Amino acid sequence: MRTTQQPTDSALRPSEEVAEALAQGAPVVALESTIISHGLPQPRNLEVAIELEQIVREAGAVPATIAVLDGVARIGLDSAGLERIATGSGLRKLGFRDLPAAAALGASGATTVSATSFLAARAGIRVFATGGLGGVHREWTATQDESADLDMLSRTRITVVCAGVKSILDVPATLQRLETKGVTVAGFRTGEFPGFYLHSSGEPVDWRLETPEEAARVMRAQDVLGGPETALIVANPVPRSEQLDPDLHDRVLAEALAAADREQVTGQAITPFLLGYLVRGTGGASLEANLAAVRGNAALAGRIALAWSRGD
Ligand code: PSU
Ligand code: MN
């Protein structure tokens, strides 16, 4: 007879530090690994992986970078694990749906927002920092390409701190999908939805939070209301002083989309292709804006995790 597996089974392994923090109710911030393996160029990506963990620590929380190594979902990586994610060859990009196959076949891969949200929530982590979410792609009517991130966030009780959704996407359509799916979205100290590399996407956002404590209160209200297990998106813009020049952004993005079309890049490959094109096409400026956004998100996620664990 089959028995129900417990969260401590061999498919999910928190690091000692993360397990201890969770047991004590101490603040923990999940970090995703696809941004490291597929979203940023080497060798900078390893430095960033280490730096993001450091930023979370400086905010007073324990970082838990999540990835699947040899079939085991690791919740918190040591430095060898981070190095594997940053430099390992043949590392897969794992969305939520890929997790069972990776576990069964002993595969290794970095986790996207959908897989990371799921694994973090299952491990008992409530706050998660990333760069920009996936969403509805611009060619949606032809390709039906909508990131699995959106669906997972509509059924996972997690707070994701992000700089909006990637600007390579159809941003208004993505915001519409989030509304339809019942995902709460709030701007952090802004009434405009951030534009990932840009401070603003130009789209309005209905709710504005001013402090990490307010975010923690929204999280508590989600639990008290007891509705479907949806996420809270805290949209935290990159400071204007660190954003990509908007004209350069628009020009190179148009080139990138045309190149993807010409080269018929589709599916999981499209997001890394477009991000890589932008890095080269802007002479590295998009990378700096991306990093500024992610750094800010890690710091804010740390502060929200702290407020959450204090019960503020
Ligand atoms: N944020 C970044 N860079 C990235 C990503 C997010 O700054 O590379 C990754 C995330 O892992 C996100 C994924 O879940 O891109 C979306 O991929 P897709 O569009 O194939 O769902
Ligand atoms: Mn996709």
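Counting starts at 1 for both ligands and their atoms, following the listed order. Just so you know, these numbers come straight off a predicted model, no measurement behind them.
Given atom 20 (O) of ligand 1, the protein heavy atom at minimum distance is Lys93 NZ, 2.8 Å. Looking from atom 5 (C) of ligand 1 to the surrounding protein, the closest heavy atom is Lys166 NZ, 3.0 Å. Nearest protein heavy-atom contact of atom 12 (C) of ligand 1 is Asp149 OD2, 3.4 Å. Of the protein's heavy atoms, Thr271 OG1, 2.8 Å lies nearest to atom 19 (O) of ligand 1.
Every N/O-N/O distance between Val294 and ligand 1 stays at or above 3.5 Å. By the 3.5 Å distance cut-off applied to N or O atoms, Ser114 is not counted among the residues near ligand 1. An N or O contact shorter than 3.5 Å links Ser147 to ligand 1 by distance. The shortest N or O to N or O distance between Thr111 and ligand 1 is not under 3.5 Å. Residue contacts with ligand 1: Ile35 is placed with no nitrogen or oxygen under 3.5 Å of a nitrogen or oxygen of the ligand (distance criterion only).
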Leu278 vs Ile168, test: side-chain contact (heavy atoms from CB on, under 4.5 Å). Steps then yes/no.
CA-CA 10 Å; Leu278 270 142; Ile168 59 174; 3.8 Å; yes
Determine, stepwise, if the pair Thr190 / Arg208 fulfils side-chain hydrogen bond (donor to acceptor under 3.5 Å, both in side chains).
CA-CA 6 Å; Thr190 180; Arg208 181 182 166 124; 5.5 Å; no
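In this structure a side-chain-to-backbone donor-acceptor pair under 3.5 Å is missing from Lys181 to Ser154. The backbone N or O of Gln268 sits less than 3.5 Å from a side-chain atom of Lys93, completing a donor-acceptor pair. For the pair Ser33 (side chain) and Ile36 (backbone), a donor-acceptor distance under 3.5 Å is absent. Side-chain atoms of His199 do not come within 3.5 Å of backbone N or O of Pro237 as any donor-acceptor pair. Panel note: side chain Arg74, backbone Ala67; no donor-acceptor pair is recorded below 3.5 Å.
Ile75 and Phe128 are not part of a single hydrophobic cluster, where members link through side-chain heavy atoms under 4.5 Å apart. Cluster membership check: Leu133 does not share its hydrophobic cluster with Phe188, using side-chain heavy-atom separations under 4.5 Å among Ile, Leu, Val, Met, Phe, Trp and Tyr.
Interface of Thr112 with ligand 1, defined as ligand atoms under 4.0 Å from a residue heavy atom, comprises 11 (O), 14 (O). Below 4.0 Å from some heavy atom of Gly39 lie the following atoms of ligand 1, by number and element: 8 (O).
At a 4.0 Å heavy-atom cut-off, ligand 1 touches Leu275 through the side chain alone. Here His137 has side-chain heavy atoms under 4.0 Å from ligand 1, and that is the only part of it that gets that close. Here Asn290 has side-chain heavy atoms under 4.0 Å from ligand 1, and that is the only part of it that gets that close.
Of the candidates Val68, Leu31, Thr65, Thr111 forms a side chain to side chain contact (heavy atoms under 4.5 Å, CB included) with just one, namely Val68.
Under a 4.0 angstrom heavy-atom cut-off, Glu32 registers as being in contact with ligand 1.
Checked by atom type, the side-chain pair Asp145/Thr143 shows no donor-acceptor distance below 3.5 Å. A donor atom on one side chain and an acceptor atom on the other are not found under 3.5 Å apart for Ser286 and His249. Side chain to side chain, Ser200 and Glu192 meet the donor-acceptor criterion of an N or O pair below 3.5 Å.
For the Mn ion (ligand 2), protein N/O/S neighbours under 2.8 Å (waters excluded) are Asp145 OD1.
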